[in-house]
Amino acid sequence: MSINWVMLSRAGEIVPLPHESILHRTRGRIALSITAPNQPPGVPPLNVKSESGTAYITNQRLIYLPSKPTDQFKSFSSKILGCQDTRMYSSWIGPWYWEASVRPVPDGNIPPDFPRVNLRLTFKDGGSSEFESKFVELKARLHHAAQIAEESGQSNWAQTVHDEQLPEYSGPRGGDNPSQTREVAQRADEAAQERQAHQQTPDEPPPNYDEAQAQAVSMRFDERAREEAERQ
């Protein structure tokens, strides 16, 4: 995961990575908080918050854009498979909220003192079931695709496969039953942890991420230069 790494257009729209497409966009106000499960001694507490924003699920990432960005917090992003121990919680007196354990990437604007952080999305205006259903289904399909890629020896599969090419999984859809949704998510987390234990795969930005970011910046610069030339 990373903070302030999402490239945005001049209109404030997400600049997608190669082969990336947005599959789900939340409705209403979504609050975000990022905290540390354990506080290292002598380190300032980690506390990133946004009271209102929009969460996006793409075929590669979970993205959050605050309604009122600041210099300290403009965006959040994490690979779908980088979100572990995900679960939706209900409250008798408040809105539903979704939590995940996420590992920050190097140079992702999270201090290296925090190897793991807790992510919480609070659905102030509803929409939690649609979000969880889409996330769980996509994560299961990505795990299935990863297993197929491992068996066939493919590399960089996540950057070259489109959503419609992701294989279907045989488990139940997340929206059918909350307990089944949590069971599917738990199986996906266990599979990811097992693969990491055997392969020691680093949790880092996808290959060519820097190149994609640089290309987007170059395109925006060229567009601005053309507009200035036309005005003269």
Side-chain angles (χ1 to χ4, degrees), residues 1-20 22 24-26 29-86 97-122 131 135 139 142 156 158-159 189 192 196 200-221:
M1 62 148 285
S2 60
I3 298 294
N4 301 339
W5 267 65
V6 178
M7 288 295 301
L8 302 176
S9 68
R10 297 178 63 183
E13 299 294 331
I14 296 171
V15 177
L17 299 175
H19 308 289
E20 184 177 32
I22 296 176
H24 180 76
R25 173 177 176 170
T26 58
R29 299 168 300 160
I30 308 297
L32 172 143
S33 69
I34 299 174
T35 57
N38 299 305
Q39 178 61 42
V43 177
L46 177 66
N47 188 16
V48 179
K49 286 188 176 182
S50 171
E51 292 301 323
S52 180
T54 304
Y56 301 80
I57 298 175
T58 79
N59 57 335
Q60 298 184 29
R61 298 182 291 173
L62 170 64
I63 298 174
Y64 178 90
L65 301 181
S67 300
K68 297 181 179 179
T70 65
D71 291 338
Q72 291 74 31
F73 183 56
K74 298 181 177 68
S75 66
F76 161 87
S77 64
S78 172
K79 294 187 296 182
I80 296 294
L81 295 182
C83 298
Q84 298 184 356
D85 301 328
T86 60
Y97 61 94
W98 180 86
E99 287 190 344
S101 174
V102 191
R103 179 183 300 171
V105 301
D107 301 321
N109 293 320
I110 295 292
D113 306 278
F114 303 101
R116 282 278 181 184
V117 299
N118 291 335
L119 168 67
R120 174 181 291 191
L121 298 178
T122 303
F131 173 88
F135 185 91
K139 189 174 183 181
L142 285 171
N156 297 338
Q159 285 72 56
D189 288 338
Q196 290 177 0
Q200 297 298 319
T201 303
D203 190 354
E204 58 186 13
N208 302 322
Y209 185 86
D210 293 338
E211 290 82 351
Q213 300 278 34
Q215 183 180 8
V217 172
S218 178
M219 291 172 61
R220 291 170 59 185
F221 180 81

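Worth knowing before you read on, the calculation uses all heavy atoms, side chains too, and leaves out hydrogens, waters and symmetry mates.
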Review point. Considering residues at least two apart in sequence or located in another chain, which fulfil the ring pair (Phe, Tyr, Trp, His ring centres under 6.0 Å) criterion with Tyr56?
Key: none

Check your understanding: Less than 4.5 Å apart, any side-chain heavy atom of Asn59 and any of Ile80?
Key -> no

Review point. Roughly how far, to the nearest 0.5 Å, is the CG atom of Leu142 from the CZ atom of Phe135?
Key: 9.0 Å

Point to revise | Minimum side-chain heavy-atom gap Leu65-Leu8 below 4.5 Å | key: yes

Review point. Is there a donor-acceptor pair under 3.5 Å between the side chain of Gln60 and the backbone N or O of Pro18?
Key: yes

**Study point:** Pro66 vs Leu32 side-chain heavy atoms within contact, under 4.5 Å
**Key:** no

Exercise for review: To the nearest 0.5 angstrom, please state how far the OG atom of Ser77 sits from the CD1 atom of Ile3.
Suggested key: 7.5 Å

Exercise for review: Could you check if a side-chain atom of Leu119 sits within less than 4.5 angstrom of a side-chain atom of Trp98, using non-hydrogen atoms only?
Suggested key: yes

Practice item. Give a yes or no on whether the backbone of Ser75 and the side-chain of Asn4 come within a donor-acceptor separation of less than 3.5 Å. Key: yes

Review point. What distance do Ser2 atom OG and Lys79 atom NZ have between them, rounded to the nearest 0.5 Å?
Key: 11.0 Å

Exercise for review: Please list, chain by chain and in numerical order, all residues satisfying salt bridge (charged side-chain N to carboxylate O under 4.0 Å, His left out) with Arg25, sequence neighbours excluded.
Suggested key: none

Check your understanding: Can you name the closest pair of heavy atoms from Gly82 and Arg116 and give their distance?
Key -> O-NH1, 4.2 Å

Point to revise | side chain to side chain donor-acceptor pair (under 3.5 Å) against Thr58, all qualifying residues, sequence neighbours excluded | key: Glu20

**Study point:** Atom pair CD/CD1 of Glu13 and Ile22 - distance to nearest 0.5 Å
**Key:** 7.5 Å

Considering only distance and modelled atom types, tabulate donor-acceptor pairs under 3.5 Å from the side chains of residues 42-52, sequence neighbours left out.
residue, atom, partner, partner atom, Å
Ser50, OG, Ser52, O, 3.1
Ser50, OG, Tyr64, OH, 3.0
Glu51, OE1, Lys124, NZ, 3.2
Ser52, OG, Ser67, OG, 3.3

Practice item. Look only at the side chain of Trp5 and the backbone of Asp107, and say whether a donor-acceptor pair between them is shorter than 3.5 Å. Key: yes

Exercise for review: State, with a plain yes or no, whether a side-chain heavy atom of Arg61 is found less than 4.5 Å away from one of Ile14.
Suggested key: yes

Exercise for review: Kindly compute the distance separating CD (Glu99) from OG1 (Thr122), expressed to the nearest 0.5 Å.
Suggested key: 8.0 Å

Review point. If every non-hydrogen atom of Pro115 is compared with every non-hydrogen atom of Arg103, which pair is closest and at what distance?
Key: O-CG, 3.4 Å

Exercise for review: Check whether any side-chain heavy atom of Phe114 sits under 4.5 Å from a side-chain heavy atom of Gln39, and report yes or no.
Suggested key: yes

Check your understanding: Between the side chain of Asn118 and the main-chain N/O of Thr35, is any donor-acceptor distance below 3.5 Å?
Key -> no

Check your understanding: Side chains of Thr26 and Thr54: do they bring a donor and an acceptor to under 3.5 Å?
Key -> no

Point to revise | Flag side-chain contact, heavy atom, 4.5 Å: Phe131 against Leu62 | key: yes

